[in-house]
Amino acid sequence: MKIAVFGWYGHDNAGDERIKYCLNHFLMGLGGIDGVDFYDLHDNAIKGATSQFDDYDLVIIGGGGLILSQHNYHEFIHGIGTKLLVAGISVETDLKGNPLKFAQALLDKASLFLVRDKNSYEKLLPLDKKSVLKLSQDLTFLEPFPVVQGTKNNNILGLNLLPKPKYIKYSFMANRALSFMLGQLSRFGIRDVIPVQDYYDIVDSLREKYLIQAIPFYTPDQPQNVPDYQKNDVNFLKKYCEHVPDVFSDNLFDDCSLLVCMRLHAGIFAVQKAIPFLSFSYLPKNRNFMALLGLENYALEITSDTNIITAIDSLDKNRDKIRLRMKEFTESAQQEIQTQLINFLN
């Protein structure tokens, strides 16, 4: 059996590369699978319908927040001639235009559609004519990280930030017209036209109580002079932290007693390692994941009056209960996603 997987792979994003590792390791461990090949969805989908992948026995679309782009992906999906599984994905924009057509194409073609959060499930349910939609988990729970022990008395706080636009939705950055306009302005040396969220007050308040460990997730090579809104996590975190690793390592979590993060998989990895965390909501997936955990109070909107220290103190006070909840959730999530995939493949 040969399997092709399409997602946001090969971009030095730690969350997506962990999805790739977990899915490959799990599938190859089942036996009877000759190979799993991973492809970048965008690079292939914008070419439209193709017979290039008809030799595969199964095509998987996932995981990640893939229903976001304003590009035409639906023609590619309608052209797939083999069995299709959608797994571990979420909806990160309004379902209209091309995202709506993409979602409908996935639901029309899929034999099973596993969505990783309730909000995305509810958005997609009215389009589900074949009853293939099921609530599921992020694919990294197929092979979760081991629980970290003994960080309770550390005053090290992990920090993951990204350049969130200040006055527009983060998802709007995927708009093709905006991307074209920004590209044209950049050609003439006009770069910082989109202001991003300022975190100096937040980081300063954290530094009064904790030693900060920067944890970058998105780490592709890029020049230092790119606009703030395009910076990778490494270059962006250097605005706030003196020492920032050049690449991601999950070991960066292991000495942290707490975490403040924006990337969804920073929070997911913290859950798997049982490290209490606060999540800044820049896309729906952050708040949706915290709701799934029953920790909505620790999903914060980024505003100038964010009382992060109060939230951190509450997180620390309830540490043992939160860690227990994280361990139970990880065990349940792993069993759920593994069972769903095994039942499908059988």
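Everything numeric here is computed off the predicted structure, so don't read it as measured data.
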Ring pair (Phe, Tyr, Trp, His ring centres under 6.0 Å) against [X], all qualifying residues, sequence neighbours excluded:
{"X": "F141", "answer": "F329"}
{"X": "H78", "answer": "none"}
{"X": "F102", "answer": "Y73"}
{"X": "Y21", "answer": "H25"}

I'd like to know if D34 and K2 make a salt bridge, using a cut-off of under 4.0 Å between side-chain N and carboxylate O. no

Taking I194 as the fixed residue, which of P163, P227, P165 is the one that meets the side-chain contact (heavy atoms from CB on, under 4.5 Å) rule? P165

Residues in salt bridge (charged side-chain N to carboxylate O under 4.0 Å, His left out) with [X], at least two apart?
{"X": "R287", "answer": "E301"}
{"X": "D117", "answer": "none"}
{"X": "D228", "answer": "K231, K239"}
{"X": "K285", "answer": "none"}

So do F280 and I202 actually touch side chain to side chain, heavy atoms under 4.5 Å? yes

Pair up each side-chain donor or acceptor in residues 207-221 with any protein partner under 3.5 Å, not counting sequence neighbours, and list the distances.
residue	atom	partner	partner atom	Å
R207	NH2	Y240	O	2.6
K209	NZ	D313	OD1	2.7

Taking atom NZ of K118 as the centre, report whether more than 12 heavy atoms of other residues, nucleotides or ligands fall under 6.0 Å from it. no

Let me see the working for H265 and N13 under side chain to side chain donor-acceptor pair (under 3.5 Å), right down to the final yes or no. CA-CA 10 Å; H265 279 97; N13 183 288; 5.5 Å; no

Connecting only ILVMFWY residues whose side-chain heavy atoms lie within less than 4.5 Å of each other, what is the rest of V247's hydrophobic cluster? none

Summary of salt bridge (charged side-chain N to carboxylate O under 4.0 Å, His left out) pairs that have at least one residue in residues 12-25, sequence neighbours excluded: none

Please list all pairs meeting salt bridge (charged side-chain N to carboxylate O under 4.0 Å, His left out) that have one or both residues in residues 326-336, counting only residues at least two apart or in different chains. none

